[in-house]
Novice: 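Dumping the structure here so I can ask a few things about it.
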Protein chains: 2
Amino acid sequence: MKSSGMQIDMHGEEGVSMKRVHIGDVAAHAGVSPTTVSHALSGRRPVSEATRQRILLAVDELGYHPNLVAKSLRIQRTKSVGFLVVDISNPYYPAVVQAVHDGLADQGYVSLIGITYGEAAAEETVLREMVARNVDGIIIQPMSLTPAEIRRIVGPLPLVLISDHEGELHADRVQTNDREGIAAAVRHLNDHGIREAGFISGPEGRSPGTLRLASFRAAAHALGITVAEEWIEHVPFSRAGGLEAGRRLLALPHRPRAIMCANDIIAVGLIDAAREAGLSLPVDLAVIGFDDIDTANLITPHLTTVVNPAREVGAACARALLRRIERGPDGAYTVEALPTHLVRRDSA
Amino acid sequence: MKSSGMQIDMHGEEGVSMKRVHIGDVAAHAGVSPTTVSHALSGRRPVSEATRQRILLAVDELGYHPNLVAKSLRIQRTKSVGFLVVDISNPYYPAVVQAVHDGLADQGYVSLIGITYGEAAAEETVLREMVARNVDGIIIQPMSLTPAEIRRIVGPLPLVLISDHEGELHADRVQTNDREGIAAAVRHLNDHGIREAGFISGPEGRSPGTLRLASFRAAAHALGITVAEEWIEHVPFSRAGGLEAGRRLLALPHRPRAIMCANDIIAVGLIDAAREAGLSLPVDLAVIGFDDIDTANLITPHLTTVVNPAREVGAACARALLRRIERGPDGAYTVEALPTHLVRRDSA
DNA sequence: CTGAAAGCGCTAACAG
DNA sequence: CTGTTAGCGCTTTCAG
């Protein structure tokens, strides 16, 4: 694994066996002090053009790249952010991740990714991990922890919550106006003469499913659509969860004409169950999802669903976090609400 | 934003406004030296049970969490790894990401994620970024850079390549035996009496598409199946790419009876094109994908495809990287090859 | 325009 | 069993 047999240090290609070069090496090579190298590179203090050139040359010859860990310790900023995602196997999230990543990478930030699976314990340990690593900010969609608990863990750190808010904010927020999309969905059902509808929600507790269910109930109530208690299910946000709930619901002696799901993945499971039961959609059963994942228009029947603007959510999170990092902890917390809307396809 | 009005430092709940507590604070509080605190916490040197208890208490009371940046600078390890993913919007990758993340998080590593979009410039800058941040290792699926170029950039760092190898290894590798899955796919076509087949590959160059195309050609040749040059397309790994290539292929005066695609996303685009052209699958056209993304069995017709074991790939990468981190740079490079196989569904 | 020295928060010799 | 000291690699006073 040796390359060329040059006799002394710091020559030739930067090979596998070379030691990492430090600012002191560059300084020595250019015949100046580390201080001057630092300033030549940062531009935070004037340096004579001649020495600047010598330094740049040395940097190049030696292949110097500053050690960001040392820099971070010194300047007390890491140019990194923690992004806690619930479940990356749900196609909704990668879209958010990508948008967050792109928005942050532009500004030189790197993303530390944590997966929480919506569990309180994981949320807490990952948050602490991020804090311990001195990230400059954190983005999280809380599924178990309350905003207050999260704020207590992260201290004064810039924090963006992907979450609807009830009561105190505790952090900047990005949220989607799920209610309007769901109201449109219920109106759509009503327009088709459907008077009885069920809902498959996510796990009980503080998941977005709970709020979506509430919105659904309210919209149905407003239109006089019946939502029997036995038509409500709580399952994990997974295809398996949707299948399981779907089986139960469809086996009911009196089952609803339509079922809305708290997300598309659950809806896919429900469609599996409908197929098992030999039902044909949307005639025997109308199904509406939530999120509009990329594949929603690939499945059969094409899924009627509420568009949850993943990329916009991610971009808004990135913007909000950068703003907070720049402005410091003292300004008032902001809330950005993104619209949702129904897209009519073939399942309802 | 102030909470309770306690008169002096380090009391009460750890609130938003509290300064971060350092090892020295704990030491003072417990009446010992920082060294002892460090050792009490790490266990790397015996500490009397009495002082240990006092320290633990102090840690608890003050809410001490060590500053990992400072620790990293000192011990020269960050317990972080860089994971460079090509395109997280392709559902194949999140599955890999998740497996990598889980395999690494278990051992206390955090993942810095970079998205390269397969571009050489992005690959290089992200790699340098990771190196500058002193990650303990890097996992990358190279799309533009050669293994040698990557090795030159990362120096002696533990490195795992998701990539088939031709010639020198330059790093530990995880690869999939695409050839066997593709051979099975071609046999499947042959069994159905198909004698003419095309292939939609990824971008020209060093993408996995190129190797898959070569395997396809070889397998077809072995069975006497015709693969005309005009039936070969190179497009981006996207649904749009598949659609575009599909339109061209299906508009040909003499088009093939079957088309295999370098990945499932392209196949989805091809199916879009087939639908546009009013063809019914698999009778008028047989389509085979590659990857078996989660949604492959959701689309209509259910996609016949080659299973690319995303989770196993991710898990293998994590294992290989951890092994290399532990064993140091000197052992021989390893190659782990994972099998692929055909799953027959409805599109071919 | 440039350098010396201090210090970010931690760990690990080296002493006792 | 415990403490003192040095130093990871960088930036930034402070002093020329």
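We name chains A, B, ... by the order of the sequence lines, and we start the count at 1 in each one.
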Novice: Please list, in 5' to 3' order, the outermost nucleotides of DNA chain C lying under 4.0 Å from any heavy atom of chain B.
Specialist: C/dG9 to C/dC14
Novice: Through what angle, rounded to 10 degrees, does the axis of the helix from C/dC1-D/dG16 to C/dG16-D/dC1 turn between its ends, using five pairs per end?
Specialist: 40°
Novice: For A/E336, check salt bridge (charged side-chain N to carboxylate O under 4.0 Å, His left out) against everything at least two apart and list the hits.
Specialist: A/R319
Novice: Within the distance-only criterion (no hydrogens, no angle test), does the side chain of A/R206 pair as donor or acceptor with the backbone N or O of A/M143 below 3.5 angstrom?
Specialist: no
Novice: Not counting sequence neighbours, which residues clear side chain to side chain contact (heavy atoms under 4.5 Å, CB included) with A/L57? List them please.
Specialist: A/E61
Novice: Could you tell me whether the phosphate oxygens of D/dG9, OP1 or OP2, come under 4.0 Å of any side-chain nitrogen or oxygen in A/Y64?
Specialist: no
Novice: Residues in salt bridge (charged side-chain N to carboxylate O under 4.0 Å, His left out) with B/E149, at least two apart?
Specialist: none
Novice: Nearest-Å distance, CZ (A/R20) to C1' (D/dG9)?
Specialist: 10 Å
Novice: Can you list the residues that meet the side-chain hydrogen bond (donor to acceptor under 3.5 Å, both in side chains) rule with A/E129, with sequence neighbours excluded?
Specialist: A/R133
Novice: Between B/H29 and B/L62, is there a side-chain heavy-atom distance shorter than 4.5 Å?
Specialist: yes
Novice: Do you see a donor-acceptor pair shorter than 3.5 Å between the side chains of A/D136 and A/T78?
Specialist: yes
Novice: I'd like to check B/P66 versus B/Y64 (side-chain heavy atoms, cut-off strictly below 4.5 Å). Are they in contact?
Specialist: yes
Novice: Which whole-number value in Å describes the distance from A/R44 CZ to D/dC10 P?
Specialist: 17 Å
Novice: Hey, which of these two, A/H39 or B/V69, hits DNA chain C nearer its 5' end, going by closest nucleotide?
Specialist: A/H39
Novice: For A/E312, check salt bridge (charged side-chain N to carboxylate O under 4.0 Å, His left out) against everything at least two apart and list the hits.
Specialist: none
Novice: Return the value, rounded to whole Å, for the distance between atom NZ of A/K19 and atom P of D/dG9.
Specialist: 12 Å
Novice: For A/S48, give me all partners under side-chain hydrogen bond (donor to acceptor under 3.5 Å, both in side chains), at least two apart in sequence or on another chain.
Specialist: A/T51
Novice: Checking B/D106 side chain against B/G103 main chain: does a donor-acceptor pair fall under 3.5 Å?
Specialist: no
Novice: With respect to the phosphate group of D/dC10, does any side-chain polar atom (N or O) of A/S38 fall under 4.0 Å of OP1 or OP2?
Specialist: no
Novice: Mind checking what makes side-chain hydrogen bond (donor to acceptor under 3.5 Å, both in side chains) contact with A/Q53, not counting sequence neighbours?
Specialist: A/E49
Novice: Within residues 47-59 of chain B, find the residues that approach DNA chain D with a heavy atom at under 4.0 Å, and present them sorted by residue number.
Specialist: B/V47, B/S48, B/T51
Novice: Check nucleotides 4-8 of chain D against the protein and report each pair of N or O atoms closer than 3.5 Å, with its distance, or say if there are none.
Specialist:
from	atom 1	to	atom 2	distance (Å)
D/dT4	O4	B/T35	OG1	2.9
D/dG7	N2	B/R74	NH1	3.2
D/dC8	O3'	B/Q76	NE2	3.3
D/dC8	O2	B/R74	N	3.4

Novice: Applying side-chain hydrogen bond (donor to acceptor under 3.5 Å, both in side chains), can you list everything that pairs with A/T125, at least two apart in sequence or on another chain?
Specialist: none
